[in-house]
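Below, chain A is the first sequence line, B the second, and so on; all start at residue 1.
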Number of protein chains: 2
Amino acid sequence: MGIPERKEREKEQRREEIINAAQKVFFEKGLQAATMDEIAEAAELSKGTLYLYYKSKEDLYLAVMMRGIEILHNMFAEATSSQEPTVVQLMKLGDAYYEFFKQHRNYFRMFYFFQHPQFHKGVSEDMMMNCGEENQKVWKEVIGVIQRGIDEGVVRAELNPVETAVILWSSSNAIMTRMDTQMEYFKERMGVDLEEVLRKSNTLMLESILTEKAKRKHQALLMRSWPVAKVAVN
Amino acid sequence: MGIPERKEREKEQRREEIINAAQKVFFEKGLQAATMDEIAEAAELSKGTLYLYYKSKEDLYLAVMMRGIEILHNMFAEATSSQEPTVVQLMKLGDAYYEFFKQHRNYFRMFYFFQHPQFHKGVSEDMMMNCGEENQKVWKEVIGVIQRGIDEGVVRAELNPVETAVILWSSSNAIMTRMDTQMEYFKERMGVDLEEVLRKSNTLMLESILTEKAKRKHQALLMRSWPVAKVAVN
DNA sequence: TTTAATTAATGACTGATGGTCATTTATTAC
DNA sequence: GTAATAAATGACCATCAGTCATTAATTAAA
């Protein structure tokens with residue numbers, strides 16, 4: 001009897017189709033402005049049907065977001081699986097996050113939007129758990145490289161790898177979040193190009209966690225952020 | 001004829017009373033969950049009256065937020081006006097921001113919540129401008145100290161003071177935001193105490209922008225973040 | 001094939017809420 | 001004391017997340 005299996009497949013397909021529709025609408029309008037009626041329309045289903053497949057608007061939002069987490073996870077896994085030195089991989093991790101920001105900004109936006117507990121109301125336990133798991137995998141990638149750096153003696157031994165991961169991630173994240181929302185404000189009011197700031201911040205952070213030996217070895221790499229003229233003048 | 005003046009005063013007072021009521025409700029429930037009816041009730045006015053004084057819920061939210069910006073501004077001004085060395089003042093700035101976070105968390109929450117352009121919809125030009133101005137003042141404090149540090153030769157000369165301000169601010173901000181929303185998650189899932197992370201992050205950041213000379217001079221200060229045992233062992 | 005039973009889908013409806021505006025109330029001017 | 005003006009009100013509207021009784025489609029049984 002293959003009927004239950006087929007039904008299960010069809011159900012899963014429906015769930016995917018609904019996510020596709022939801023993604024389209026959420027990307028365009030954001031969680032707030034998107035309406036379930038719009039999503040239903042995009043999915044060519046009635047609103048009631050959406051609720052047969054997802055508990056709430058927020059659950060649906062998280063379902064879309066999970067795709068983004070997976071993409072990011074893959075990009076990080078890619079960056080940390082090369083044969084290059086750990087210091088280079090650390091730089092590549094930062095670059096990868098910025099690439100993700102540029103190529104998948106809608107997902108990035110969802111990430112930081114959903115951090116607010118205000119929107120966790122309608123989220124089911126299940127979905128929250130799944131999301132936490134996926135998220136954890138991404139962290140593991142970052143922590144792993146830092147731990148390796150410590151083991152190899154290129155990252156300062158007195159640093160805690162998890163804490164350090166949080167520090168690196170947070171600083172990158174904070175600046176990209178600003179890039180997303182306040183790029184123009186910072187350019188016009190403060191004369192600052194946030195892309196430049198991100199580059200310099202990543203370099204500063206990296207410098208600050210490396211051992212003296214590693215810094216000397218990769219000096220050329222670290223210098224890329226500082227304008228030659230300025231260094232020369234001072 | 002003092003009547004117009006008195007009326008103006010009364011009007012201003014009303015505006016303040018409304019902000020008081022709004023603050024109470026926003027602090028309790030956040031922008032989303034707070035309702036204009038609640039605020040009206042708290043202000044002992046009808047909802048319609050609120051709209052005679054403020055254009056939208058968001059405008060009211062910003063009016064409350066401005067108070068927070070002023071408090072933060074004062075705390076920063078305090079931290080940077082002492083007679084202490086610039087390096088110490090830089091540390092104090094970081095400490096002041098964390099103090100603000102602890103003592104005025106509701107305001108802090110409002111700040112980062114409102115960064116999302118999704119909520120800028122109902123905001124009037126006026127209110128947005130005012131907010132931008134106030135915000136600018138806070139940035140000026142941070143930038144000023146960094147500039148002074150460069151002039152005195154304690155902050156690396158190749159750094160741009162505005163960019164550096166953004167970097168320092170953003171990293172502190174990012175970690176405190178996480179403290180507000182994910183303290184438990186990080187403790188339980190990753191075994192990390194974000195307060196510790198903040199302390200270390202601030203130290204790392206400070207280290208990374210100081211000149212070698214300044215680092216040597218204030219070594220004791222910078223060491224406070226690293227556990228003695230660990231440093232000794234390695 | 002026909003009928004019963006089960007599963008899937010629907011959309012009218014509810015309750016909540018931001019914002020409006022015609023009407024009422026209070027204040028000021030004459 | 002009355003007209004004119006300003007302030008305040010709350011019933012009302014439109015929007016929208018979520019529900020549920022009803023309908024349609026599919027599967028199982030006779």
Side-chain angles (χ1 to χ4, degrees), chain A residues 1-19 21-22 25-26 28-64 113-114 118-124 127, chain B residues 1-19 21-22 25-26 28-64 113-114 118-124 127:
Chain A
M1 195 77 76
I3 288 177
E5 287 78 3
R6 197 202 71 213
K7 281 213 157 189
E8 194 48 53
R9 264 203 325 276
E10 281 175 359
K11 219 164 172 177
E12 193 45 50
Q13 204 173 325
R14 259 287 137 84
R15 283 179 69 87
E16 283 299 314
E17 283 166 16
I18 291 175
I19 299 185
V25 179
F26 283 136
E28 258 173 43
K29 313 216 171 179
L31 175 59
Q32 290 298 298
T35 73
M36 288 302 267
D37 282 304
E38 277 177 301
I39 295 172
E41 167 129 22
E44 294 174 307
L45 288 169
S46 73
K47 182 161 63 163
T49 305
L50 297 188
Y51 284 95
L52 294 178
Y53 289 87
Y54 293 94
K55 273 220 183 74
S56 66
K57 193 182 174 185
E58 284 75 21
D59 254 31
L60 203 35
Y61 193 81
L62 275 194
V64 175
F113 190 81
F114 207 75
Q118 297 228 271
F119 304 112
H120 295 190
K121 211 165 79 163
V123 179
S124 65
M127 198 53 95
Chain B
M1 197 74 77
I3 287 177
E5 286 79 1
R6 197 203 70 214
K7 283 213 154 189
E8 195 46 54
R9 261 200 331 273
E10 282 175 357
K11 219 165 171 175
E12 193 45 49
Q13 204 174 324
R14 258 289 134 85
R15 285 179 68 88
E16 284 298 316
E17 283 166 15
I18 292 174
I19 299 185
V25 178
F26 283 137
E28 257 173 45
K29 314 218 171 177
L31 175 58
Q32 290 298 298
T35 74
M36 288 302 268
D37 282 305
E38 277 177 302
I39 295 172
E41 168 129 21
E44 293 175 306
L45 287 170
S46 73
K47 181 161 65 164
T49 304
L50 297 188
Y51 284 94
L52 294 177
Y53 289 86
Y54 293 93
K55 274 219 182 75
S56 65
K57 193 183 175 184
E58 284 75 21
D59 254 31
L60 202 37
Y61 193 80
L62 274 193
V64 175
F113 190 82
F114 208 76
Q118 294 224 245
F119 304 111
H120 296 189
K121 211 163 81 160
V123 180
S124 65
M127 198 55 93

Handout entry: Nearest-nucleotide pick for B:Lys47, side chain only, options being C:dT17, C:dG19, D:dA8
Key = C:dG19
Practice task
Could you tell me whether the side chain of B:Lys55 reaches within less than 4.5 Å of the side chain of B:Met127, counting heavy atoms only?
Solution key: no
Practice task
Would you please confirm or rule out a distance under 4.0 Å between OP1 or OP2 of C:dT10 and any side-chain N or O of A:Thr49?
Solution key: yes
Exercise for the section: Take the angle between the ring planes of B:Phe26 and B:Tyr61 and call it parallel below 30°, perpendicular above 60°, tilted in between. Expected result: perpendicular
Practice task
Ignoring the backbone of B:Leu45, work out which of D:dT9, D:dA17, C:dA9 is nearest its side chain.
Solution key: D:dT9
Practice task
Counting heavy atoms from C-beta on, name the nucleotide in D:dA8, C:dA8, C:dG18 closest to the side chain of A:Lys11.
Solution key: C:dA8
Completion exercise
Among the nucleotides D:dT9, C:dG19, C:dT17, whichever has the atom closest to the side chain of B:Leu52 is D:dT9
Problem - OP1 or OP2 of C:dA8 under 4.0 Å from side-chain N/O of A:Arg14 - result: no
Exercise for the section: Working to the nearest 0.5 Å, report the span between CZ of A:Phe114 and CG of A:Leu62. Expected result: 4.0 Å
Problem - Test: B:Lys29 and B:Glu38 ion pair at under 4.0 Å - result: yes
Practice task
Pick base, sugar-phosphate or nothing for A:Tyr54, based on heavy-atom distances below 4.0 Å to the nucleic acid.
Solution key: nothing
Practice task
Identify which nucleotide among D:dA8, D:dG18, C:dG18 has an atom closest to any side-chain atom of A:Glu58, counting heavy atoms from C-beta outward.
Solution key: D:dG18
Exercise for the section: Among C:dT10, C:dG18, D:dG18, find the nucleotide with the atom closest to the side chain of A:Tyr51. Expected result: D:dG18
